Amino acid sequence: MPLDDDFPTGDGTADTEATVLCPYCAEEVTIGVDPGGGASQRYVEDCPVCCQAWQVNVSYDAGAATVDIQAIDG
C-alpha cells in the first residue's frame with residue numbers, strides 16, 4: 001500500500017497550539033496539540049493555572065485543529 005494513501009499530500013502545516021478556556025477557573029490558556037497523534041484524539045490534561053483536570057478532544061481537518069475542553073466530573 002503506497003504511503004501517500006495514508007498521508008495525502010498537503011501544504012505540510014498543521015496546528016500545534018490551541019487557545020482554550022478552562023471550564024473551572026475561566027482562564028484563557030494556550031496548550032500544545034500534536035498532529036502526529038492522529039486525526040482524532042482524546043486525553044486528559046491539567047489546567048496550567050488551577051491544576052484541575054480536563055478532558056481534551058482534538059480533531060484535525062486539513063491541518064486545522066478543533067479543540068474542545070470539558071470538565072471532568074469527580
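Bear in mind the structure is a predicted one, so any value in this text is a computation, not a measurement.
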From [X] [atom1] over to [Y] [atom2], what is the distance, rounded to the nearest 0.5 angstrom?
{"X": "Thr19", "Y": "Ile31", "atom1": "OG1", "atom2": "CD1", "answer": "9.0 Å"}
{"X": "Ile69", "Y": "Tyr24", "atom1": "CD1", "atom2": "OH", "answer": "11.0 Å"}
{"X": "Cys25", "Y": "Gln52", "atom1": "SG", "atom2": "CD", "answer": "8.5 Å"}

Minimum heavy-atom distance between Asp15 and Pro35, given as atom pair plus value:
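Asp15 and Pro35 have their closest heavy atoms at O-CD, 3.7 Å.
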Work out which heavy atom in Leu21 is nearest to a heavy atom in Ala26; give both atom names and the distance.
CD1-O, 3.0 Å
Table please: side-chain donor-acceptor pairs of residues 39-51 below 3.5 Å, with sequence neighbours left out.
| residue | atom | partner | partner atom | Å |
| --- | --- | --- | --- | --- |
| Gln41 | NE2 | Asp34 | O | 2.7 |
| Gln41 | NE2 | Gly38 | O | 3.0 |
| Arg42 | NH2 | Gln55 | OE1 | 3.1 |

